[in-house]
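Read through the structure below, which is laid out as structure tokens, and then see the notes.
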Number of protein chains: 2
Amino acid sequence: MAKSNHVTLEDIAKKLGITKVTVSKSLRDHPDISTSTKEKVKEKADELGYRRNRLAQSLTLNKTNTIGVIVPKISHTFFSDTLEGINRVAYDNDYEIVLCVSEEKEEREKSHVDTLLSMQVDGLLISVSEETSSPEHLQEITNQGVPLVLFDRRIDGVDAACVTVDDQGGAYKATEHALDRGLTEIVHISGYSNVNIGKNRQAGYENALRDHGLTPDDEWIIEGGFGEADGYWGGVEMIERGINPDAIFAVTFPVALGVEDAIRRKKPSIRDSLQIYSFGQHELNRFFSNPHTSVHQPAKKIGSEAMSLLLKRMDDPDADILDVELPTHIVEVQEDALPPYLDDGS
Amino acid sequence: MAKSNHVTLEDIAKKLGITKVTVSKSLRDHPDISTSTKEKVKEKADELGYRRNRLAQSLTLNKTNTIGVIVPKISHTFFSDTLEGINRVAYDNDYEIVLCVSEEKEEREKSHVDTLLSMQVDGLLISVSEETSSPEHLQEITNQGVPLVLFDRRIDGVDAACVTVDDQGGAYKATEHALDRGLTEIVHISGYSNVNIGKNRQAGYENALRDHGLTPDDEWIIEGGFGEADGYWGGVEMIERGINPDAIFAVTFPVALGVEDAIRRKKPSIRDSLQIYSFGQHELNRFFSNPHTSVHQPAKKIGSEAMSLLLKRMDDPDADILDVELPTHIVEVQEDALPPYLDDGS
DNA sequence: GTGAAAGCGCTAACAT
DNA sequence: ATGTTAGCGCTTTCAC
């Protein structure tokens with residue numbers, strides 16, 4: 001079991017009494033080379049266990065076939081679903097993914113951008129952290145001539161294509177859904193407004209109220225981040241302030257969970273008389289005792305769409321590529337619904 | 001907004017009237033260089049927007065600071081949690097992650113191994129696909145002298161360290177938990193036995209039965225894969241065969257979900273009289289109307305442990321590194337439990 | 001159809 | 001303290 005350390009083109013060439021150029025061309029099926037030598041070369045390469053060094057290849061070609069992906073979190077369905085979408089398209093197009101997680105920290109996001117650029121990725125896919133407030137490090141990417149596509153979360157001031165969902169419309173629909181059912185005391189647990197999803201979802205909520213003759217009350221909008229803990233503390237705050245809604249609209253699914261935890265621990269009495277709405281659903285919602293009504297976010301689609309846009313951009317850096325805004329719809333749990341893995345839609 | 005295409009060491013050197021070697025050393029704070037030139041160099045580098053080319057660096061150093069990770073699925077909590085653990089340790093140690101997904105296909109797994117090796121990753125972390133039956137492509141990694149650590153799922157015949165959980169013990173405990181509560185009619189929806197988790201969990205189930213004076217019945221062990229759809233079809237099969245258990249022990253959490261779906265659709269009457277046990281839990285179990293009792297798998301820990309082992313291996317390729325088997329325990333849902341994000345244990 | 005030369009951007013070893 | 005040389009493994013001209 002010899003540790004056959006690194007067979008190179010040169011090695012093959014020597015054994016065959018030819019030069020590495022011929023070997024290189026043979027292995028890439030270059031028309032220059034005769035069929036017979038190609039065969040010999042390939043055979044020898046197999047025999048020696050040759051494997052090309054993509055580092056060297058990338059260095060000469062100035063192309064790595066690699067993209068960088070930065071997400072705020074990884075073990076949250078939305079992002080892992082998105083990643084799945086990204087991965088699918090990347091795989092089909094022979095790109096590898098370098099995965100980075102910002103943990104919702106702007107500093108980490110910046111440093112990851114730097115690392116990925118130094119790795120010479122061919123493009124970047126980023127969903128910004130909830131902290132991110134300045135666009136410079138993102139604009140820098142574009143300035144370097146590296147294609148960038150933002151997805152789901154974005155901030156202003158960056159010259160890059162974005163794939164988002166109709167945040168405002170979705171939030172509007174959710175709020176309206178509640179209002180239509182006579183639920184008028186609707187608290188919104190919101191995200192930070194520096195990020196689109198925070199701002200737009202809140203706007204959708206407020207617009208729906210207004211269009212139904214109600215006035216949004218700042219006291220009923222509790223601001224926080226996009227994670228479970230944020231939802232929890234938002235819920236605690238709501239309870240401590242003595243607010244008693246008949247519906248809660250949470251800016252993300254994790255936030256909704258946090259709110260539920262807060263209610264279960266601090267004021268379980270209101271639990272059953274409260275309808276939870278969340279922006280973003282979860283596959284397991286169908287097993288819940290109090291299922292949410294939610295705004296469906298096509299997470300995989302967001303990912304695949306973002307990757308597709310990026311591919312276009314990488315293909316033609318000057319193509320002007322338009323933002324994509326995917327539609328959303330309201331989903332209520334249906335007892336008899338086909339489980340997702342048996343369904344082929346979406 | 002000049003597209004300052006690729007400033008190199010040479011560029012900085014020329015502007016400063018020195019050589020690129022000095023520049024290189026300066027930027028890496030090599031003791032050779034005087035403080036004054038270091039400062040000048042760094043200043044100039046900033047000014048020109050220099051960013052080192054890791055491709056070139058890796059090529060010369062023969063080290064990429066990159067590891068490859070191959071998982072069967074991505075949008076399943078267990079794997080995204082594992083990834084989170086891997087990522088945490090990798091980040092702390094300045095390694096980047098190239099992420100690949102096998103989609104439970106042996107072919108894809110093989111091709112990813114090949115790609116990652118050609119990318120010159122410094123190490124590999126793999127959880128094998130449910131299809132994987134031959135160890136050659138994995139042994140090949142080790143033969144190439146590239147450190148490899150398997151996690152959660154493994155197969156025999158590979159010379160690599162593994163991080164697993166106590167599958168057999170966990171399965172035993174789950175089965176015993178049921179037996180202790182008077183549930184003796186226990187169906188096992190099992191995975192494939194070429195992979196450790198399939199084999200060992202089934203063994204744990206059978207041993208528990210035997211130790212309690214019962215004889216495992218092959219009719220009550222329904223074999224499939226590790227995903228939701230597998231669970232669904234397993235459940236359907238169980239129902240069609242007219243089997244009527246009082247508990248079901250599922251080899252994975254997704255499988256348990258599939259079984260539940262099958263029951264909900266095909267025979268909802270038995271739903272409430274049935275206790276579901278699953279190997280592997282889910283954070284959202286606490287919101288379920290019929291919560292599972294589950295074998296807790298420390299997913300993040302598996303990931304961080306695997307990455308730590310890999311680091312050791314990469315540090316000293318000849319260190320013989322022992323497998324790690326993490327303990328499991330049974331968790332039942334507790335109404336008043338602290339939500340995980342407020343907890344600081346494990 | 002095959003090969004010689006040059007270079008991608010970097011660093012380590014060895015001068016000076 | 002700074003520079004010279006050489007090379008990592010590959011591919012792209014451009015000769016022959």
Side-chain angles (χ1 to χ4, degrees), chain A residues 4-42 44-45 48-66 115 117-122 144-146, chain B residues 4-42 44-45 48-66 115 117-122 144-146:
Chain A
S4 56
N5 264 332
H6 286 177
V7 181
T8 71
L9 292 180
E10 189 78 53
D11 295 334
I12 300 177
K14 272 182 187 154
K15 296 256 181 191
L16 253 36
I18 54 179
T19 73
K20 59 178 179 180
V21 180
T22 309
V23 175
S24 171
K25 286 181 178 168
S26 298
L27 292 176
R28 283 174 297 138
D29 265 328
H30 195 110
D32 270 7
I33 309 297
S34 72
T35 323
S36 69
T37 47
K38 271 185 194 170
E39 273 173 13
K40 267 181 244 161
V41 167
K42 285 178 184 168
K44 204 65 175 177
L48 298 178
Y50 172 77
R51 175 174 287 122
R52 83 179 189 288
N53 185 329
R54 275 181 57 142
L55 238 45
Q57 193 184 36
S58 297
L59 188 61
T60 49
L61 294 183
N62 203 23
K63 161 109 172 128
T64 54
N65 263 60
T66 277
T115 305
L117 287 178
S118 78
M119 289 177 80
Q120 316 296 115
V121 295
D122 295 332
Q144 295 277 326
V146 177
Chain B
S4 56
N5 264 334
H6 287 176
V7 181
T8 71
L9 291 180
E10 189 78 53
D11 295 332
I12 301 177
K14 274 182 185 156
K15 294 258 181 190
L16 252 38
I18 54 181
T19 75
K20 59 178 178 179
V21 180
T22 310
V23 175
S24 171
K25 286 181 177 168
S26 298
L27 292 176
R28 283 173 298 139
D29 264 328
H30 195 110
D32 271 5
I33 309 296
S34 72
T35 324
S36 69
T37 48
K38 272 184 193 167
E39 273 172 12
K40 266 181 245 161
V41 168
K42 285 178 184 167
K44 203 64 175 177
L48 298 178
Y50 172 78
R51 175 174 288 121
R52 83 180 189 287
N53 184 331
R54 275 181 57 143
L55 239 44
Q57 193 184 37
S58 298
L59 188 62
T60 49
L61 294 183
N62 203 24
K63 161 114 172 122
T64 55
N65 265 61
T66 277
T115 305
L117 287 178
S118 77
M119 290 178 79
Q120 316 296 115
V121 294
D122 295 334
Q144 295 278 325
V146 176

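Below, chains carry the letters A, B, ... as their sequence lines are ordered, and counting in each starts from 1.
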Passes side-chain contact (heavy atoms from CB on, under 4.5 Å), A:L27 versus A:K42? Steps please.
-> CA-CA 6 Å; A:L27 292 176; A:K42 285 178 184 168; 4.1 Å; yes
Which nucleotide in the list [options] gets nearest to the side chain of [X]?
{"X": "B:T60", "options": "D:dC10, C:dG9, C:dG1", "answer": "C:dG9"}
{"X": "A:I33", "options": "C:dG9, D:dT11, C:dT2", "answer": "C:dT2"}
{"X": "B:N53", "options": "C:dA12, C:dG9, D:dG9", "answer": "C:dG9"}

Let me know the distance between [atom1] of [X] and [atom2] of [N], rounded to the nearest Å.
{"X": "B:N62", "N": "C:dG9", "atom1": "CG", "atom2": "C1'", "result": "16 Å"}
{"X": "B:L27", "N": "C:dC10", "atom1": "CG", "atom2": "P", "result": "9 Å"}
{"X": "B:I12", "N": "D:dG3", "atom1": "CD1", "atom2": "P", "result": "14 Å"}
{"X": "A:R54", "N": "C:dC8", "atom1": "CZ", "atom2": "C1'", "result": "17 Å"}
{"X": "B:E10", "N": "C:dA6", "atom1": "CD", "atom2": "C1'", "result": "15 Å"}
{"X": "B:Y50", "N": "C:dG9", "atom1": "OH", "atom2": "P", "result": "10 Å"}
{"X": "B:M119", "N": "D:dC10", "atom1": "CE", "atom2": "C1'", "result": "16 Å"}
{"X": "B:Q120", "N": "D:dC10", "atom1": "CD", "atom2": "C1'", "result": "11 Å"}

When the C1' atoms of the five terminal pairs at each end define the local axes, what inter-axis angle does the helix from C:dG1-D:dC16 to C:dT16-D:dA1 show, to 10 degrees?
-> 40°
Start at the 5' end of DNA chain C and walk down; is the nucleotide closest to B:Q57 or to B:D32 reached first?
-> B:Q57
Report the distance from atom [atom1] of [X] to atom [atom2] of [Y], rounding to the nearest 0.5 Å.
{"X": "A:L48", "Y": "A:T8", "atom1": "CG", "atom2": "OG1", "value": "10.0 Å"}
{"X": "A:I12", "Y": "A:T22", "atom1": "CD1", "atom2": "OG1", "value": "12.0 Å"}
{"X": "A:D11", "Y": "A:L16", "atom1": "CG", "atom2": "CG", "value": "11.5 Å"}
{"X": "A:K44", "Y": "A:K14", "atom1": "NZ", "atom2": "NZ", "value": "14.0 Å"}
{"X": "B:S58", "Y": "B:D122", "atom1": "OG", "atom2": "CG", "value": "8.0 Å"}
{"X": "A:K25", "Y": "A:K20", "atom1": "NZ", "atom2": "NZ", "value": "13.0 Å"}

What contact category does [X] fall into here, base, sugar-phosphate, or nothing, at under 4.0 angstrom with non-hydrogen atoms?
{"X": "B:L59", "value": "base"}
{"X": "A:T37", "value": "sugar-phosphate"}
{"X": "A:R52", "value": "sugar-phosphate"}

Which residues, if any, of residues 17-26 of chain A bring a heavy atom under 4.0 Å of DNA chain C?
-> A:I18, A:T19, A:V21, A:T22, A:K25
Got a sec: does the NZ of B:K63 have more than 12 other heavy atoms crowding it under 6.0 Å?
-> yes
Have B:Q120 and A:R54 got a donor and an acceptor in their side chains that come within less than 3.5 Å?
-> no
B:S34 and B:T37: side chain donor to acceptor below 3.5 Å = yes
Would you say C:dA12 has OP1 or OP2 under 4.0 Å from some side-chain N or O of B:R28?
-> yes
